[in-house]
Amino acid sequence: MKLATWNVNSLKVRLPQVLDWLAAEQPDVLCLQELKLEDKAFPLAEIEAAGYRAAFSGQKTYNGVAILARAPLADVGCGIPGFADEQKRVIAATVGDLRVVCAYFPNGQAVGSEKFAYKLDWLRALTAWLGDELTRHPRLALLGDYNIAPDERDAHPDWQEEIHVSPPERDAFRALTALGLADAFRLFEQPEKSFSWWDYRMMAFRRNFGLRIDHILLSPPLAAACTGCHVDKAPRKLERPSDHAPVVAEIGH
DNA sequence: ATGGCGCATGGAATGCGA
């Protein structure tokens with residue numbers, strides 16, 4: 001079974017790339033972030049024609065998340081229960097015996113800003129909810145754009161900003177793994193300077209000036225069955241790419 | 001210190017992302 005996550009930075013613009021990628025990679029589950037479109041504009045017909053079903057929660061201009069899956073999606077929920085938020089950042093669904101949570105974590109803008117405080121509040125709420133969710137669903141995967149580079153290896157040495165690498169953000173990431181969730185990427189040997197996002201500017205992709213901020217966290221039974229995890233840089237090389245690349249994890253039976 | 005690119009909105013210039 002193949003699980004994947006991809007921040008597409010506008011599903012409207014990236015739909016042809018998403019359809020090509022689905023056809024080529026045949027994931028069982030693909031989580032999308034930054035749809036940047038309202039639900040009425042979601043390209044459901046095209047995705048169903050590609051052999052996938054979809055659960056989605058979108059809004060105009062910003063945010064927006066979706067789970068695409070070959071199998072039916074059950075028990076769909078949007079947002080973090082008990083955390084009032086107009087920003088569409090979380091969607092969860094059960095696919096077979098798997099609980100899939102797709103999340104677009106807040107950017108945070110700058111350490112100490114209002115948006116940074118929101119990021120930390122959001123992370124606290126997410127972590128508390130997932131603690132509950134794990135008791136109900138032992139086979140759980142949290143996929144998405146975390147906007148956190150968990151440790152030193154996950155940021156280019158020349159990354160100057162504090163955002164995405166600050167101690168409070170990394171503490172919040174560790175609070176998630178402390179629930180028992182494993183970073184699928186780090187279950188395996190990986191090339192040095194493996195990243196999942198590269199700025200559009202400064203020829204960042206060509207220089208591999210990036211961050212690893214897109215992650216797949218797996219609960220213990222899934223981590224035990226995980227046979228591989230990698231970043232697929234191919235879509236980042238296309239014309240008009242998203243600034244993020246897909247991350248893929250393979251799970252055995 | 002700033003902008004640099006791309007996307008959205010709206011129909012130019014601005015906000016935002018990371």
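From a predicted model like this one, the values you see are computed outputs, not experimental measurements. First the proteins, then the strands, lettered A, B, ... as listed; each starts at 1.
Annotation: B:dT2 and B:dG6 have their P atoms spaced 22 Å apart (nearest Å). As rounded to the nearest Å, B:dT9 and B:dG3 have P atoms that lie 24 Å from one another. B:dA12 and B:dA1 are spaced 35 Å apart, taking the P atom of each and rounding to whole Å. A gap of 22 Å separates the P atoms of B:dA18 and B:dT14, to the nearest Å. A distance of about 15 Å separates the P atoms of B:dG10 and B:dC16, rounded to the whole Å.
When the C1' atom of B:dG17 is taken as reference, atom CG of A:Leu211 falls 12 Å away, rounded to whole Å. Counting to the nearest Å, the P atom of B:dC16 and the OH atom of A:Tyr104 are 12 Å from each other. Going from atom CD of A:Gln160 over to atom P of B:dG3 covers 17 Å, rounded to whole Å. The interatomic distance linking A:Glu169 (CD) with B:dA18 (C1') rounds to 10 Å, in whole Å. Between A:Asp154 atom CG and B:dA18 atom P there is a gap of 16 Å when expressed in whole angstrom units. Rounded to whole Å, the distance from CZ on A:Arg170 to P on B:dA18 is 17 Å. For the pair A:His164 NE2 and B:dA18 P, the computed distance is 6 Å after rounding to whole Å. If you measure from atom CZ of A:Arg236 to atom P of B:dA18, you get 13 Å, rounded to the nearest angstrom.
Looking only at atom types and distance, the side chain of A:Asn7 has a donor-acceptor partner in the side chain of A:Glu34 under 3.5 Å away.
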Which pairs, protein N/O on one side and nucleotides 5-11 of chain B N/O on the other, fall under 3.5 Å?
unit_1	atom_1	unit_2	atom_2	d
B:dC7	OP1	A:Arg14	NH1	2.9
B:dC7	OP1	A:Arg14	NH2	3.3
B:dC7	OP2	A:Arg240	NE	3.4
B:dC7	OP2	A:Arg240	NH2	3.3
B:dC7	O3'	A:Ser10	OG	3.4
B:dA8	OP1	A:Ser10	OG	2.5

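Summarising the local packing, CD of A:Gln26 is surrounded by more than 12 heavy atoms from other residues, nucleotides or ligands at distances under 6.0 Å.
Considering only residues two or more places apart in sequence or on other chains, A:Asp154 meets the salt bridge (Lys or Arg N to Asp or Glu O under 4.0 Å) condition with A:Arg186, A:Arg212. Residues passing the side-chain hydrogen bond (donor to acceptor under 3.5 Å, both in side chains) test with A:Arg53, sequence neighbours excluded: none. Applying the ring pair (Phe, Tyr, Trp, His ring centres under 6.0 Å) criterion to A:Tyr104, with sequence neighbours excluded, gives no partner residue.
For the pair A:Arg170 and A:Phe173, the cation-pi criterion (under 6.0 Å, within 45° of the ring axis) is not fulfilled.
A salt bridge (charged side-chain N to carboxylate O under 4.0 Å, His left out) check over residues 100-124 of chain A, counting only residues at least two apart or in different chains, returns the pairs A:Lys119-A:Glu169, A:Asp121-A:Arg124.
A:Glu161 comes within 4.0 angstrom of no nucleic acid atom, judged by non-hydrogen atoms across all strands. At the heavy-atom level, A:Lys119 lies nowhere under 4.0 Å from the strands shown. Contact annotation for A:Asn63: no contact, since no heavy-atom pair falls under 4.0 Å across all strands. A:Phe205 comes within 4.0 angstrom of no nucleic acid atom, judged by non-hydrogen atoms across all strands. The residue A:Asp214 sits apart from the nucleic acid: no heavy atom pair falls under 4.0 Å.
Within the structure, every side-chain polar atom (N or O) of A:His244 is placed at least 4.0 Å from both OP1 and OP2 of B:dG17.
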Side-chain donor-acceptor pairs of residues 18-25 of chain A under 3.5 Å, sequence neighbours excluded:
unit_1	atom_1	unit_2	atom_2	d
A:Trp21	NE1	A:Asp232	OD2	2.8
A:Glu25	OE1	A:Lys2	NZ	3.2

